[in-house]
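Single-structure report; data block below.
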Amino acid sequence: MTTTTFDLSAVKLQHGTFYTAVWGCQMNVYDGERISDLLCASGLQQLATPQGADVIVLITCAVRAKAEDKVFNQLLSWRHQGIINDHTIIALGGCVGAELAQKIIELSPDVNIVFGPRTAHRLPQLIRKFKTEGVPQIAVEADALEKFDALPEQGARGVSAFVTIMEGCSNKCSYCIVPYTRGEEESRPLESIIAEVQGHIAHGVKEIHLLGQNVNSYRGLDENGHTVHFSTLLYAVAAVEGVERIRFTTSNPMEFTDDIIEAIADLPLIANHVHIPVQSGSDRILQLMRRHYRADDYRHLIAKIRAVRPNIHVSSDFIVGFPRETDEDFAHTMQLARDIGFDQSFSFIYSKRPGTPAALMDDPTPLEVKKERLYQLQALLEESAATIAKSLDGTVQEVLVEGTSRKNSAELKARASSNHIVVFEGSPELIGQMVRVKITQVMAHTLKGELVHA
């Protein structure tokens, strides 16, 4: 079993309060949760709102410019409202920290500390150093796996928990900044991951959500130093007593191998939902994106998965208006969306990221054309998702009860294996349990049901 190198005495801070806010992907959410564990272990108390916090930690992505803009706008708003002042310590991290580093201090005088995905574990030391020296602190470079051995035991997460299994990405898609902010792929040892899963189960977690920029390229080492592929990791997590459901995000189509499909066939614990970004339905655009597969390869992959799980739900990511995308290219994307029948998916207009190959491509398509294409694709995706949701009406779904409904305290909120949110009347004692619910109504973004008694 891997032992942690976390030393509480090295990170102990004076008593104070902190607040964390996260934008971006699930890996940022994971980092935010682990930072909360770290700051609590170092002596700070976590607040539910930024009001009155001595330290505010902001974690955001660098995939799209809007995410970092939101952070800077949020700081301006908090300053205007008096929520932050000259005594508030602001720490900004995530991929945007690694991307911009010193520039962040120049862009926002409110930011005192900048850290990256690989240096989240150094935050207490950075806070202490800023307090002592009174000058901005920047730390964005470290070994990819250093933080996992330098973090304390994870705290309670509710009924579902994220577990990052690897850092970085080696695919270098032409539009993506992540390989330059999180670095090359490095996989955590199998034992380290299983130990973290066991810790979550001990805190009452029932669902484990494995995370990576490309989870199915996982190549960790077992206790004997042998390389372990992602399919083997799936079997190992499924064997942990107390794990009742497994999810994983995100998968690159070109590495979704037959052994992973076999694991989906063998392990009912794997959720009946896969998220596999396709980005475009045009082979020409996929080549420009450096995605290394064709649209028909994607169709074939989904067909193979559905052959072993006929009712599996498939969601995806799409980039609209990539440089040099023509009407014909976009038509191929629309056709792919019709062919596959995607469930709830994500689609965005291409966002130029400085330092990526795509940022140097000529991009003659007017923004209004891109917006119209996005509107058409989103309308098609929403129609497809609505049709899939309606097909669940009258079915019985096994759901994991996450808590009470925000809109009605008499109802419980649960998540189906398909990833749909389900609300139903029931006792709070059911929170944290897997129960069977019959779907009685399909609403815009939620399914409503009634508890099926044994």
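Small disclaimer: the values here were computed from a predicted structure and weren't measured.
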For residues 224-244, please give each side-chain donor-acceptor pair under 3.5 Å, one per line with the distance, not counting sequence neighbours.
from : atom 1 : to   : atom 2 : distance (Å)
S231 : OG     : D259 : OD2    : 2.7
Y235 : OH     : D266 : OD2    : 2.7

Output for pair (S345 OG, D343 CG), nearest 0.5 Å, gives 7.0 Å
Here the gap from S315 atom OG to I340 atom CD1, rounded to the nearest 0.5 Å, amounts to 12.0 Å
> Quick one: does K147's side chain have a donor or acceptor within less than 3.5 Å of a partner on H121's backbone?
Replying inline: no
So salt bridge (charged side-chain N to carboxylate O under 4.0 Å, His left out) across residues 172-182, not counting sequence neighbours, yields D31-R182, E167-R182, K172-E184
### Task
Verify side chain to side chain donor-acceptor pair (under 3.5 Å) between H275 and D317, making sure each step is shown before the conclusion.
CA-CA 8 Å; H275 182 79; D317 294 342; 2.9 Å; yes
Original post:
What do the steps show when you test V178 against N171 for side-chain contact (heavy atoms from CB on, under 4.5 Å), and what is the final call?
Top reply: CA-CA 10 Å; V178 169; N171 290 326; over 6 Å; no
Checklist entry - Taking the side chain from N28 and the backbone from I59, do they hold a donor-acceptor pair closer than 3.5 Å? => result no
- Would H209 and S160 count as having a side-chain donor-acceptor pair, cut-off 3.5 Å? no
Could you walk me through whether Y293 and F256 pass the ring-ring contact (aromatic ring centres under 6.0 Å, His included) check? CA-CA 11 Å; Y293 57 84; F256 210 114; over 10 Å; no
The single option from L75, V111, I84 that satisfies side-chain contact (heavy atoms from CB on, under 4.5 Å) with I56 is I84
- Query: Hey, are the side chains of P277 and N252 touching, using non-hydrogen atoms and a 4.5 Å cut-off?
  - Reply: no
Around atom CZ of R294, are there more than 12 heavy atoms from other residues, nucleotides or ligands closer than 6.0 Å?
no
CG of L288 to CG of D283, rounded to nearest 0.5 Å, is 11.0 Å
- Query: For Q137, does its backbone N or O pair with a side-chain atom of N112 as donor and acceptor, under 3.5 Å?
  - Reply: no
Distance col, row Y180:OH vs I177:CD1, nearest 0.5 angstrom, shows 7.0 Å
Only residue of R290, K352, R291, R353 satisfying side-chain contact (heavy atoms from CB on, under 4.5 Å) with Y175 is R291
Crowded around Q46 CD? As in, over 12 foreign heavy atoms under 6.0 Å?
yes
- Using the ring of each side chain (for Trp, its six-membered ring), is Y30 parallel, tilted or perpendicular to F148, with breaks at 30° and 60°? tilted
Going by atom type alone, with no hydrogens or angles, which donor-acceptor pairs under 3.5 Å involve a side-chain atom of residues 370-382 and a protein atom two or more places apart or on another chain?
from : atom 1 : to   : atom 2 : distance (Å)
K370 : NZ     : G321 : O      : 3.1
K370 : NZ     : D363 : OD1    : 3.2
K370 : NZ     : D363 : OD2    : 2.7
E372 : OE2    : Q376 : NE2    : 3.3
R373 : NH1    : E325 : O      : 3.1
R373 : NH1    : E325 : OE1    : 2.9
R373 : NH2    : D327 : OD1    : 2.8
Q378 : NE2    : S347 : O      : 3.4
Q378 : NE2    : S347 : OG     : 3.3

- From CA spacing to verdict: side-chain contact (heavy atoms from CB on, under 4.5 Å), L76, F72: CA-CA 6 Å; L76 290 172; F72 296 131; 5.7 Å; no
Q) Do E146 and R122 come within less than 4.5 Å of each other through their side chains, counting heavy atoms only? A) yes
(Q) So V401 and V159, do their side chains get closer than 4.5 Å, heavy atoms only? (A) no
Can any side-chain N or O of T164 pair as donor or acceptor with the backbone N or O of M27 at less than 3.5 Å?
no
Is there a side-chain contact between V435 and V399 in this structure, where contact means two heavy atoms from C-beta onward sitting under 4.5 Å apart? yes
*asked:* Determine whether a donor-acceptor pair (N or O, by modelled atom type, separation under 3.5 Å) exists between the side chain of Q45 and the backbone of G43.
replied: no
Is there a donor-acceptor pair under 3.5 Å between the side chain of T356 and the backbone N or O of P354? no
Task: Short side-chain to backbone donor-acceptor contact, Q433 and E429, under 3.5 Å - done: yes
Query raised in the report: Are side-chain N/O atoms of N272 and S417 paired as donor and acceptor at under 3.5 Å?
Result: no
message = In the structure I gave you, are the side-chain heavy atoms of E33 and V29 within less than 4.5 Å of one another anywhere?
response = yes
Margin query: Quick one, E196 with R188, criterion salt bridge (Lys or Arg N to Asp or Glu O under 4.0 Å). Give me CA distance, side-chain angles, the key distance, then yes/no.
Written below: CA-CA 11 Å; E196 184 170 339; R188 294 176 65 186; 2.8 Å; yes
With side chains defined as the heavy atoms from C-beta onward, is the minimum distance between D37 and L151 less than 4.5 Å? no
When rounded to the nearest 0.5 Å, the distance separating CG of L190 from CD1 of I193 is 6.5 Å
Under 6.0 Å between ring centres: does that hold for Y218 and F248?
no
**Study point:** Check: P124 main-chain N/O paired with S42 side-chain donor or acceptor under 3.5 Å
**Key:** no
The reported gap from OG1 in T365 to CZ in F330 (rounded to nearest 0.5 angstrom) is 11.5 Å
- Item | Heavy-atom check, side chain of V215 versus side chain of S251, under 4.5 Å | yes
| request: Kindly indicate, with the supporting measurements, whether the criterion salt bridge (Lys or Arg N to Asp or Glu O under 4.0 Å) is fulfilled by R324 and D362. | output: CA-CA 7 Å; R324 305 175 191 172; D362 57 294; 2.8 Å; yes
Margin query: Could you tell me if the side chain of P50 sits less than 4.5 Å from the side chain of W78, heavy atoms only?
Written below: yes
Worksheet item: Do side-chain atoms of T446 reach the backbone of M443 as a donor and acceptor pair under 3.5 angstrom?
Response: no
Backbone N/O of L430 and side chain of S427: donor-acceptor pair under 3.5 Å:
no
